*Asks:* 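Take a look at the following structure, please.
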2 protein chains.
Amino acid sequence: MWDHAGVSGSGERGAVADRGGRPALTSARELAEVAQELFLERGFENVSVDDIAAAAGVSRRTFFRYFSTKADVLWVESPAELARFRELLAAAPPEEPYADVLCRAAPRALSHPPERRTWALHRAELLLTVPAVLEKATVRHTEWRRIATEFVAARRGSGPDDLVAIAVGHAVLAATVAAHEYWLAHPDQELPDIMARFLHLLVPAGTG
Amino acid sequence: MWDHAGVSGSGERGAVADRGGRPALTSARELAEVAQELFLERGFENVSVDDIAAAAGVSRRTFFRYFSTKADVLWVESPAELARFRELLAAAPPEEPYADVLCRAAPRALSHPPERRTWALHRAELLLTVPAVLEKATVRHTEWRRIATEFVAARRGSGPDDLVAIAVGHAVLAATVAAHEYWLAHPDQELPDIMARFLHLLVPAGTG
DNA sequence: CGACTTCTGGCACAGTGTGCCATAACCTCA
DNA sequence: TGAGGTTATGGCACACTGTGCCAGAAGTCG
């Protein structure tokens, strides 16, 4: 999940040296591209970091400067998606019920242009089926959840102990994960639609 | 989470040779005990498998015969808890609404005798705060969720594509995780109570 | 005793991730 | 042209994880 185009966040070194210094040989995106291709060909565990580095024309050591983990290479877009989620929530009209805002913002933050569809599907497949990758998901999931929780807490004027805010955060995450799994099983349907359905099922609506 | 006493499942070799052969020097439980102690003292990442093995009086190689991963040592009780969850669901009266059954069974499957309380808290802390451990949680979470989903699907007479069953499964898991996190922040409260509250908030009840 | 079974320990090996350091490639300013 | 600063790279050594392989220990049974 979290598949979408956008500007990479942390690992990005950029292809151009704008502040002087030696220009980078590659970029986080380029590495991610190469890696994902190899993963799809041979399977995640059958591709070593050396393989990725070699295919990208850099050294192993350099790879680990762009990504701190072999699995992290599949989460390049995550910071952009999280940022978009945050922005969509912040831009929502204050009088709109928070449940509605979330049900609208979450699918949109993870939507992608049509030409990226198969790419996103491939990515989702890797993220959801490869255990080693799935495990690394926890950190991103927590962040995604935290955004929703804090949004609800702010709307409700409550603190970090608000059971409802916590519950809604978990519900949003659960719906997101569920939707991606369902999408893999039914690639003919559209991810945002699936997400919306799960969100309406899962987000506690009775409380405003 | 998933903290409770019970008979370990897979890794258990037992302390007695009942089918002939050399008797085991240790047991999965014993290893887990030693390991958890070390983790609490020095922190998960500052304890190597060699350390655990040495403290338990076995070789590194033997440790990996009991547990396939260093983190797995913290999930010894998991099979027992999953089994209990399954049993509680199976034993529920068929006329009771599935949401009620789940809200009753889930907290009970993870409840523990009072003398294990601090032990369970320590365990939960390790499971929820140490990234390397948290990551390994996904597999157990999936199983926990699957049990709930299949139970609901059976009750509703639906298949694996039933959105409601999937959503409820995710809701049960979300409530379980949320409850454990909340418990860590409020150790004075009782875990089953917290779980019940989150379950009532999160499990879609409108659908029977 | 020998035959069979199970658990153990040691070793070698591939792979991951990190710290350290020398060096390459670019900038600006003189 | 060259010096000094900055950034990226590459190589090496190292600790650790997890696995395959195999010899051998320690029981049971006939």
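Because the structure is a prediction, the values reported are computed rather than measured. By convention in this document, chain letters (A, B, ...) are assigned in the order of the sequence lines, proteins followed by strands, and residues within each chain are numbered from 1.
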*Asks:* Could you check whether any side-chain N or O of A/H170 sits under 3.5 Å from a backbone N or O of A/I166, counting only pairs where one atom can act as donor and the other as acceptor?
*Replies:* no

*Asks:* Is it true that B/R84 and B/E81 have a side-chain N and a carboxylate O under 4.0 angstrom from each other?
*Replies:* no

*Asks:* Between A/S59 and D/dG11, is there a side-chain N or O to OP1/OP2 distance below 4.0 Å?
*Replies:* no

*Asks:* Which nucleotides of nucleotides 17-24 of chain D have their base under 4.0 Å from a protein heavy atom (B), which only their sugar-phosphate (S), and which neither (-), written as one string 5' to 3'?
*Replies:* BBBBBB--

*Asks:* In whole Å, I'd like the distance from the CD atom of B/E45 to the C1' atom of C/dT16.
*Replies:* 15 Å

*Asks:* Rounded to the nearest 0.5 Å, what separation is found between the CG atom of A/L127 and the CD atom of A/E181?
*Replies:* 11.5 Å

*Asks:* Taking CG from B/N46 and P from D/dA15, how many angstroms apart are they, rounded to a whole number?
*Replies:* 16 Å

*Asks:* Atom CG of B/L25 and atom P of C/dG10: how far apart are they, to the nearest Å?
*Replies:* 12 Å

*Asks:* Would you say the side chain of A/L199 lies within less than 4.5 Å of the side chain of A/M195, judging by non-hydrogen atoms?
*Replies:* yes

*Asks:* In whole Å, I'd like the distance from the CG atom of B/D51 to the P atom of D/dC16.
*Replies:* 8 Å

*Asks:* Please tell me if B/Y66 has a side-chain N or O lying less than 4.0 Å from either OP1 or OP2 of C/dC7.
*Replies:* no

*Asks:* Decide, yes or no, whether a salt bridge links B/R146 with B/E143 under the criterion of side-chain N to carboxylate O below 4.0 Å.
*Replies:* yes

*Asks:* Less than 4.0 angstrom from a charged side-chain N to a carboxylate O is my criterion; do B/E190 and B/R117 meet it?
*Replies:* yes

